[in-house]
Amino acid sequence: DVIRSLYAKGRTESESGEVKKLASAVNPAEGKHLYDTVRARGFTRTLEVGMANGMSTLHIGQAVKDNMAEFGKAGEHIALDPFQKAQWGNTAIHQCKRAGLWGIVKCIEEKSFSAMPRLLAQGKRFEFVFID
């Protein structure tokens with residue numbers, strides 16, 4: 001699976017193919033804790049502030065996908081990262097696509113202080129928020 005492969009290699013790849021060291025990423029134990037927390041509570045509407053390489057995004061997104069399948073509920077994981085393209089080369093987005101999570105995972109490339117009020121005004125509600 002994509003998550004195990006990334007941890008084993010210690011590196012990731014951007015959308016353009018640039019290889020990047022896994023920096024500023026949750027470690028495997030932290031990722032498992034995120035996954036287990038979301039799964040155990042059946043959460044299907046989650047939000048993350050900060051995406052970077054996408055390791056936490058992959059764990060949370062997979063848990064949301066698994067919960068959607070188990071409980072037959074709609075869901076999504078929204079990640080806010082104004083630097084996903086400019087600084088990270090869409091690394092997290094690329095890895096989410098590889099893992100089959102893109103579509104469940106969505107990235108909003110703007111700062112949280114402007115995106116969050118807009119999401120609230122749109123009626124979005126979240127059961128779990130991870131500030132990375």
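In this text, all values refer to a predicted model and were calculated from it rather than measured experimentally.
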**Message:** Membership question, hydrophobic clusters at under 4.5 Å side-chain separation (ILVMFWY): are Ile93 and Leu101 in the same one?
**Reply:** yes

**Asked** According to a 4.5 Å side-chain heavy-atom criterion applied to Ile, Leu, Val, Met, Phe, Trp and Tyr, with indirect links allowed, do Leu58 and Val26 form part of one hydrophobic cluster?
**Response** yes

**Prompt:** Do side-chain atoms of Asp132 reach the backbone of Met51 as a donor and acceptor pair under 3.5 angstrom?
**Reply:** no

**Asked** Does one side chain, of Thr91 or Glu15, offer a donor that lies under 3.5 Å from an acceptor on the other?
**Response** no

**Prompt:** Any side-chain hydrogen bond (donor to acceptor under 3.5 Å, both in side chains) pairs touching residues 96-105, not counting sequence neighbours?
**Reply:** Gln95-Arg98

**Request:** Could you tell me whether Lys106 and Glu76 make a salt bridge, using a distance below 4.0 angstrom between a side-chain N and a carboxylate O?
**Result:** yes

**Request:** May I have the step-by-step check of side chain to side chain donor-acceptor pair (under 3.5 Å) for Tyr7 and Asn27, ending in yes or no?
**Result:** CA-CA 8 Å; Tyr7 281 131; Asn27 65 43; over 6 Å; no

**Message:** Would you say that His59 contacts Lys32 through its side chain, given a criterion of any heavy-atom pair below 4.5 Å between the two side chains?
**Reply:** no

**Request:** Could you tell me whether the side chain of Leu22 reaches within less than 4.5 Å of the side chain of Arg11, counting heavy atoms only?
**Result:** no

**Student check: side-chain heavy atoms of Ser14 and Lys20 closer than 4.5 Å** = yes

**Message:** Using the rule that Ile, Leu, Val, Met, Phe, Trp and Tyr join whenever any side-chain heavy atoms are under 4.5 Å apart, tell me whether Val105 and Val129 fall into a single cluster.
**Reply:** no

**Asked** Hey, does Leu34 have a side-chain heavy atom less than 4.5 Å from the side chain of Phe128?
**Response** yes

**Message:** Could you check whether any side-chain heavy atom of Phe43 comes within less than 4.5 Å of a side-chain heavy atom of Ile60, counting everything from C-beta outward?
**Reply:** no

**Item:** In one Ile/Leu/Val/Met/Phe/Trp/Tyr side-chain cluster, 4.5 Å: Phe130, Phe126
**Value:** no

**Asked** Do any N or O atoms from the side chain of Asn53 and from the backbone of Met55 form a donor-acceptor pair under 3.5 angstrom?
**Response** no

**Asked** Does any non-hydrogen side-chain atom of Pro82 lie less than 4.5 Å from one of Lys111?
**Response** yes

**Other residues, nucleotides, ligands: >12 heavy atoms within 6.0 Å of Lys21 NZ** = no

**Fill in**
Distance col, row Leu80:CG vs Leu47:CG, nearest 0.5 angstrom, shows 5.0 Å

**Asked** Has the side chain of Glu48 got a donor or acceptor atom that lies under 3.5 Å from a matching backbone atom of Ile78?
**Response** no

**Prompt:** Considering only heavy atoms from C-beta outward, does the side chain of Arg125 approach that of Leu120 to under 4.5 Å?
**Reply:** yes

